[in-house]
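First comes the structure, then the notes that go with it.
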Amino acid sequence: MKEPSLAEDVAFARAMAEEGATAPTLSGRFTVMWSALAGSAFAVHWGILRDVLPFEVETIAFLWLSVMIVGGVGTALLCMTLRDKPGLSTAGNKAEAAGWPIVSVAIFGIAVAIAISVNFRDQSPILFDMIIPIAFAFYALMTALSARLFGKSSANWLVLVSLALSFVTTALVGLPEIYLLAAAGIVTTQLIPGYAALRAEPKAIV
């Protein structure tokens with residue numbers, strides 16, 4: 001296999017345009033990994049808070065730290081698998097490659113800031129719940145951007161669902177059920193669409 005050149009990416013995008021199609025997103029594998037990790041963690045988080053699972057509340061910090069570590073390593077490995085994929089230099093994929101890391105850093109930074117506030121300013125741990133509606137608002141923004149860039153108007157319903165989840169989870173702040181809804185929401189708005197995007201990826205250049 002060889003890494004696609006810019007000229008090959010341009011030729012790929014031109015061929016897609018001539019067929020009346022849009023170069024597909026290459027973010028599916030990342031979406032599947034992160035949504036599977038986060039969705040599972042949300043479900044476990046809820047189980048711990050509701051005493052469904054036999055773990056202490058202190059385990060939650062280790063749970064999310066593990067998600068960050070596994071997700072970070074997984075992202076690095078998945079980036080290596082894109083080297084032989086056509087379409088990396090298309091506008092849509094370049095925009096997603098720029099946008100998603102910023103969203104990820106923003107969510108991570110907010111989580112760290114809340115942790116500092118809770119541990120050093122004696123603020124309520126309920127502040128951590130606010131990460132969920134913030135994340136769904138970011139998901140709505142990125143999904144809307146992707147829908148426009150990749151010509152997928154059918155994905156607009158995912159934008160509406162993500163926005164609705166942002167509003168509803170805000171109303172549930174302080175209740176353990178916010179994490180159960182987050183788990184279901186991330187499967188609906190990220191995992192399932194991410195898997196569909198993964199299956200729709202173009203074949204590698206050989």
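Residue numbers start at 1 and run along the sequence shown.
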Rounded to the nearest 0.5 Å, how far does [atom2] of [Y] lie from [atom1] of [X]?
{"X": "L26", "Y": "T31", "atom1": "CG", "atom2": "OG1", "result": "11.0 Å"}
{"X": "T189", "Y": "L160", "atom1": "OG1", "atom2": "CG", "result": "12.0 Å"}
{"X": "I114", "Y": "M130", "atom1": "CD1", "atom2": "CE", "result": "8.0 Å"}
{"X": "L49", "Y": "L175", "atom1": "CG", "atom2": "CG", "result": "10.5 Å"}
{"X": "L165", "Y": "T188", "atom1": "CG", "atom2": "OG1", "result": "7.5 Å"}
{"X": "L78", "Y": "S27", "atom1": "CG", "atom2": "OG", "result": "11.5 Å"}

Are [Y] and [X] connected into the same hydrophobic cluster when the rule is that any two of I, L, V, M, F, W, Y join if their side-chain heavy atoms are below 4.5 Å apart?
{"X": "L127", "Y": "I116", "value": "yes"}
{"X": "F138", "Y": "V168", "value": "yes"}
{"X": "I60", "Y": "V173", "value": "yes"}
{"X": "W46", "Y": "L65", "value": "no"}
{"X": "V161", "Y": "L163", "value": "no"}

**Residues in salt bridge (charged side-chain N to carboxylate O under 4.0 Å, His left out) contact with E201, at least two apart in sequence or another chain** = R29, K85
If we only count heavy atoms from C-beta on, is the [X] to [Y] side-chain gap below 4.5 Å?
{"X": "W100", "Y": "M142", "result": "yes"}
{"X": "I186", "Y": "L191", "result": "no"}
{"X": "I134", "Y": "I131", "result": "no"}
{"X": "W34", "Y": "V67", "result": "yes"}
{"X": "I48", "Y": "V44", "result": "yes"}

Please give me the minimum heavy-atom distance between [X] and [Y], naming the atom from each residue.
{"X": "F150", "Y": "N93", "answer": "CZ-N, 3.7 Å"}
{"X": "I178", "Y": "L172", "answer": "CB-O, 3.8 Å"}
{"X": "F30", "Y": "T75", "answer": "CE2-O, 3.7 Å"}
{"X": "S162", "Y": "F136", "answer": "O-CB, 3.6 Å"}
{"X": "P133", "Y": "T170", "answer": "CB-OG1, 3.1 Å"}
{"X": "A155", "Y": "A147", "answer": "CB-CB, 4.1 Å"}

**Request:** Please work out whether the ring planes of Y179 and H45 are parallel, tilted or perpendicular, with thresholds of 30° and 60°.
**Result:** parallel
**Request:** Give the C-alpha distance, both sets of side-chain angles, the deciding distance and a yes or no for side chain to side chain contact (heavy atoms under 4.5 Å, CB included) between I132 and F42.
**Result:** CA-CA 10 Å; I132 295 174; F42 280 135; 3.9 Å; yes
**Prompt:** T143 side chain to A140 main-chain N or O, any donor-acceptor pair under 3.5 Å?
**Reply:** no
**Request:** In sequence, state the C-alpha distance, the side-chain angles, and the governing distance for S146 and K152, and then conclude on side chain to side chain contact (heavy atoms under 4.5 Å, CB included).
**Result:** CA-CA 8 Å; S146 296; K152 302 293 184 182; over 6 Å; no
